[in-house]
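Reviewing the structure listed below.
It should be emphasised that the depicted structure is a prediction, and the values quoted were computed from it without experimental measurement.
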Protein chains: 2
Amino acid sequence: MQITWNQQVVKKENKTLVLDLIMNSFPISRADAAQKLGLNKGTVSSLVSELIDEKLIFESGPGESSGGRRPVMLLFNQNAGYSIGVDLGVNYIYGVLTDLLGNIILEKNTENPGLSYKDALREVNSLIQELIDSAPSSPYGIIGIGVGAPGIVNKEGDVLLAPNLGWRNVSLKRDLEHAFNLPVIVENEANAGAYGEKKFGVGKDYDNLIYISAGIGIGAGIIINGELYKGINGYSGEVGHMSIDFNGPKCSCGNNGCWELYASEQSLISKAGSFGLENEMTLEKIINLAASEDEDALSMLKETGRHLGLGIINIINAFNPKQIIIGNRLAAAKEWLSWDVKQTINKYTLPFHQTEIDISFSNLALPAAALGVSAFSIENFIKNQLQI
Amino acid sequence: MQITWNQQVVKKENKTLVLDLIMNSFPISRADAAQKLGLNKGTVSSLVSELIDEKLIFESGPGESSGGRRPVMLLFNQNAGYSIGVDLGVNYIYGVLTDLLGNIILEKNTENPGLSYKDALREVNSLIQELIDSAPSSPYGIIGIGVGAPGIVNKEGDVLLAPNLGWRNVSLKRDLEHAFNLPVIVENEANAGAYGEKKFGVGKDYDNLIYISAGIGIGAGIIINGELYKGINGYSGEVGHMSIDFNGPKCSCGNNGCWELYASEQSLISKAGSFGLENEMTLEKIINLAASEDEDALSMLKETGRHLGLGIINIINAFNPKQIIIGNRLAAAKEWLSWDVKQTINKYTLPFHQTEIDISFSNLALPAAALGVSAFSIENFIKNQLQI
DNA sequence: CCTTACTTTGTGCAATGGATAAACAAACTT
DNA sequence: AAGTTTGTTTATCCATTGCACAAAGTAAGG
């Protein structure tokens with residue numbers, strides 16, 4: 001049995017169009033919406049009155065006249081409910097409570113939670129509970145929880161492997177759903193970041209982009225036609241284990257010369273060792289050294305930039321995206337990486353690709369991963385809400 | 001102004017569903033179609049009668065009774081029109097005339113046409129004209145022409161660069177449209193092959209696959225959710241220039257250690273040189289040597305298989321597809337490549353990927369590229385036909 | 001300041017057209 | 001003869017549309 005098409009579907013789709021328009025270009029009048037969407041004024045009026053009944057939008061009062069009757073402006077009711085987004089890091093848990101437009105209402109951070117799944121889950125639960133407790137009252141309450149996790153996540157929301165946390169086959173989504181009785185979405189951290197950047201960050205203007213999450217390891221989130229592409233099982237974007245040197249050193253994954261051995265935070269720290277710098281090196285220390293013009297730090301970063309660029313070239317050749325966003329921890333070193341990344345790409349990419357591609361870095365002030373998963377929850381909620 | 005939804009759209013979509021069903025599972029009765037699609041019997045009856053009027057389907061007579069009145073079976077009118085697909089190779093032009101189901105009615109081959117664009121275009125024109133002239137008469141006649149070309153093709157159907165033909169910036173689509181006054185589609189050869197395999201070949205059962213066209217160079221066609229993914233400009237799938245060894249030899253593209261320096265037909269022939277085999281080596285000669293158990297040929301092929309596998313691992317990690325199809329010239333050496341390709345992938349891929357992925361080779365009896373572009377033309381035609 | 005003509009906004013209502021359910025006729029099986 | 005299956009017909013439902021219209025504004029002239 002297939003999806004069939006009938007008038008109910010038409011109505012649902014048109015209602016979605018109207019709501020999307022109000023969400024994206026507010027305030028807007030009924031007449032303006034009708035004209036922009038190509039729908040009849042009456043149709044828009046009737047859909048709008050339903051949306052008002054459902055408390056998803058509201059009338060904000062009269063707008064400016066353009067030579068006739070003053071329009072009644074419509075606003076999306078961003079406080080109709082609240083969403084929670086959690087970025088589950090290796091040594092932190094960061095959570096946000098957002099309104100339905102993704103504006104941050106409240107943020108909470110837990111440093112150095114226990115590594116074991118049991119401990120981490122307890123911390124995540126208590127952080128989420130705090131966020132829930134401090135949410136303002138609203139028609140729909142908390143509409144869902146999104147979590148970004150640093151590992152391989154299947155389409156059922158199980159974390160199959162999170163090497164840096166030592167987790168294997170944990171049913172994170174199911175456990176959280178049981179704890180809170182709310183819709184839960186669990187996504188790979190790179191996918192979450194990709195969507196966060198696409199909705200709220202430097203990827204706002206593009207619908208085809210690839211977000212490179214360069215942290216301890218490297219992962220990628222792939223946005224095609226404005227939607228996350230997850231592959232057949234949800235494992236797409238494992239570009240950290242793309243080999244760029246098949247004669248290179250062994251990687252933990254079994255392959256040789258994986259990209260993340262050359263261009264991740266981990267690799268940068270290892271390079272520090274070979275440069276004879278002190279042990280216990282961190283990305284922050286390296287950046288500080290570079291800021292004070294330390295020659296070794298500068299050339300380590302230059303090399304990392306070149307290696308980042310080499311992998312990005314491979315990605316560009318395969319996907320032909322409109323934009324590449326470099327995010328996560330290494331984005332903090334933008335100032336020292338950017339030139340070498342772009343130079344490498346310009347030098348070694350087919351000329352056709354170069355003219356049109358945009359290479360950007362994340363703005364670290366934006367918690368892209370947490371906002372991305374929060375946005376997923378919001379979209380699910382709205383889709384379900386308009387279902388009938 | 002956006003696309004808006006109304007009853008006409010509903011009708012068009014339902015009509016498409018009915019026609020698709022009849023195209024894919026024929027013969028089928030009205031009642032059966034209604035049940036399978038979840039549409040009302042009356043709706044199906046009315047859509048079917050329109051499709052019959054448009055000569056896209058016809059009644060083939062009574063079928064088997066299942067305990068009551070015998071059904072009237074419906075068939076897709078595969079002879080309502082004919083489509084042309086051309087595979088433009090480096091030293092051949094191969095064209096097919098197909099019915100609307102992609103069955104080959106006639107094939108024509110031109111060996112060693114002139115290399116210059118002017119010469120090749122003249123040969124292509126005359127081959128297409130011959131196919132047109134021998135098409136049976138039909139309600140819609142020739143419904144379109146598809147061409148697969150070995151090079152970088154943008155979304156406007158210009159061949160921007162075909163290194164092995166020496167073409168640069170030729171407006172192939174426009175020139176053919178002017179010559180025949182028919183809808184023309186020009187696609188990259190790998191994209192054409194991918195779609196051909198997906199529709200008619202070993203990819204029939206899958207909707208997420210990557211076709212590796214391993215010929216003189218290497219390209220890939222990417223099928224996501226049953227549709228060709230072309231990237232923002234149409235340049236996706238340039239995986240031949242994915243570097244698998246950034247310290248490796250220089251490639252003509254400017255990069256180092258590109259995959260096609262290790263795993264293409266060209267590279268295999270070069271390897272022959274380093275093994276001290278005679279000059280003027282060809283893939284066919286190497287295969288013949290391997291068939292007679294020549295040690296050098298066997299180990300050359302083994303190495304090529306391993307190198308093929310290494311690049312495929314990178315592709316799997318990035319895309320997480322359901323299937324990889326190795327096609328074009330090197331597929332002829334399947335017997336000597338298959339084991340090493342699969343072995344390499346098993347050894348070096350993350351275990352999650354391994355369980356579910358299907359690694360296949362093209363069946364060379366199937367002219368995938370020509371059939372793929374022919375299928376594109378057919379789909380365009382049907383989409384336009386149902387537009388009103 | 002008032003009047004008049006014109007614009008723009010938003011609602012109400014009949015018409016349109018496509019899907020649906022149910023009744024029904026035709027054709028077949030048991 | 002009774003029951004089944006197929007395909008058509010008919011009345012009904014429902015969402016969009018176009019148009020009329022009321023409400024609420026602007027602009028210009030006296």
Side-chain angles (χ1 to χ4, degrees), chain A residues 1-19 21-22 27-53 57-75 386-388, chain B residues 1-19 21-22 27-53 57-75 386-388:
Chain A
M1 184 97 110
Q2 240 170 305
I3 344 104
T4 144
W5 300 77
N6 53 35
Q7 295 182 83
Q8 286 81 280
V9 177
V10 167
K11 182 173 178 180
K12 197 191 80 190
E13 294 292 340
N14 282 335
K15 204 164 159 183
T16 305
L17 286 178
V18 170
L19 183 58
L21 181 65
I22 296 173
I28 192 170
S29 68
R30 291 166 173 82
D32 209 5
Q35 198 256 315
K36 280 218 173 96
L37 293 173
L39 285 170
N40 187 279
K41 285 191 298 173
T43 307
V44 171
S45 264
S46 118
L47 295 173
V48 159
S49 87
E50 286 190 26
L51 289 168
I52 290 177
D53 287 347
I57 63 175
F58 62 93
E59 297 183 329
S60 74
E64 292 278 296
S65 161
S66 61
R69 172 175 166 180
R70 293 172 68 189
V72 178
M73 302 315 271
L74 301 168
L75 285 183
L386 296 180
Q387 205 63 266
I388 315 145
Chain B
M1 185 96 110
Q2 238 169 307
I3 342 104
T4 144
W5 299 78
N6 51 36
Q7 293 183 86
Q8 286 79 277
V9 177
V10 168
K11 181 173 179 181
K12 198 191 79 189
E13 294 292 339
N14 282 335
K15 202 163 160 184
T16 305
L17 286 177
V18 170
L19 183 58
L21 181 66
I22 297 174
I28 192 169
S29 68
R30 290 168 175 80
D32 209 4
Q35 199 256 315
K36 281 221 173 94
L37 294 174
L39 285 171
N40 188 278
K41 286 192 297 175
T43 307
V44 172
S45 264
S46 119
L47 294 174
V48 159
S49 87
E50 285 190 28
L51 288 169
I52 290 177
D53 288 347
I57 64 175
F58 62 94
E59 297 182 328
S60 74
E64 291 279 296
S65 162
S66 62
R69 168 172 167 182
R70 293 171 67 188
V72 179
M73 302 316 270
L74 302 169
L75 285 182
L386 295 180
Q387 204 64 264
I388 313 147

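Note that CD of A:Glu50 is 10.5 Å distant from CD1 of A:Ile57, once rounded to the nearest 0.5 Å. Interatomic distance, NZ of A:Lys12 versus OG1 of A:Thr16, reported as 6.5 Å (0.5 Å rounding). Here OG of A:Ser49 is found 9.5 Å from CD of A:Glu59. Values are rounded to the nearest 0.5 Å.
Residue B:Asn14 places no side-chain N or O under 4.0 Å from the OP1 or OP2 atom of C:dG18. Proximity of A:Ser45 to the phosphate of C:dG10: no side-chain N or O atom is located under 4.0 Å from OP1 or OP2.
Separating the CD1 atom of B:Ile57 from the P atom of D:dG7 is a distance of 12 Å, rounded to the nearest angstrom. Atom P of nucleotide D:dT17 and atom CG of A:Leu37 are separated by 11 Å, given to the nearest angstrom. Regarding B:Ile52, its CD1 atom lies at a distance of 13 Å from the C1' atom of D:dT8, rounded to whole Å. Rounded to whole Å, the distance from CG on B:Leu74 to P on D:dG7 is 7 Å. Separating the NZ atom of B:Lys12 from the C1' atom of C:dG17 is a distance of 17 Å, rounded to the nearest angstrom. Atom pair B:Glu59:CD and D:dT8:P shows a separation of 8 Å (rounding to whole Å applied). The interatomic distance linking B:Glu64 (CD) with D:dT5 (C1') rounds to 14 Å, in whole Å. In this entry the distance linking CZ of B:Arg30 with P of D:dT9 reads 11 Å, nearest Å.
Using a 4.0 Å heavy-atom cutoff across all strands shown, B:Ser46 reaches no nucleic acid atom at all.
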Filtered N/O pairs between nucleotides 26-30 of chain C and protein, under 3.5 Å:
{"unit_1": "C:dA26", "atom_1": "N3", "unit_2": "B:Arg69", "atom_2": "NH1", "d": "3.4"}
{"unit_1": "C:dA27", "atom_1": "N3", "unit_2": "B:Arg69", "atom_2": "N", "d": "3.3"}

Close N/O contacts between protein and nucleotides 12-14 of chain C (under 3.5 Å):
none

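Residues satisfying the salt bridge (Lys or Arg N to Asp or Glu O under 4.0 Å) criterion with A:Lys41, sequence neighbours excluded, are absent altogether. With sequence neighbours excluded, the residues forming a side-chain contact (heavy atoms from CB on, under 4.5 Å) with B:Ala33 are B:Leu21, B:Ile28, B:Val44, listed by chain and number. Residues that satisfy the side-chain contact (heavy atoms from CB on, under 4.5 Å) test with B:Gln7, not counting sequence neighbours, are A:Gln7. Not counting sequence neighbours, B:Gln8 has no partner by the side chain to side chain donor-acceptor pair (under 3.5 Å) test.
Side-chain contact between A:Val10 and B:Val9: absent, with no pair of heavy atoms (C-beta onward) separated by less than 4.5 Å. With a 4.5 Å cut-off on side-chain heavy atoms, A:Leu17 and A:Asn14 count as touching. Contact check for A:Leu51 versus A:Leu386: side-chain heavy atoms found under the 4.5 Å cut-off.
With A:Leu37 as reference, A:Val18 is the one residue of A:Asp32, A:Leu47, A:Val18 to meet the side-chain contact (heavy atoms from CB on, under 4.5 Å) rule.
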What side-chain donor-acceptor pairs closer than 3.5 Å can you find for residues 61-75 of chain B, not counting sequence neighbours?
{"unit_1": "B:Ser65", "atom_1": "OG", "unit_2": "B:Gly67", "atom_2": "N", "d": "3.0"}
{"unit_1": "B:Ser65", "atom_1": "OG", "unit_2": "B:Gly68", "atom_2": "N", "d": "3.1"}
{"unit_1": "B:Ser65", "atom_1": "OG", "unit_2": "B:Gly68", "atom_2": "O", "d": "2.6"}
{"unit_1": "B:Arg70", "atom_1": "NE", "unit_2": "B:Gly63", "atom_2": "O", "d": "3.0"}

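Both A:Val72 and B:Leu47 lie near DNA chain C, and the one whose nearest nucleotide falls closer to the 5' end is A:Val72.
Comparing the start and finish of the helix from C:dC1-D:dG30 to C:dT30-D:dA1, five pairs each, the helix axis swings through 10°, to the nearest 10 degrees.
Closest contact between the side chain of A:Gln7 and the listed nucleotides D:dC14, D:dT17, C:dA19 involves D:dC14.
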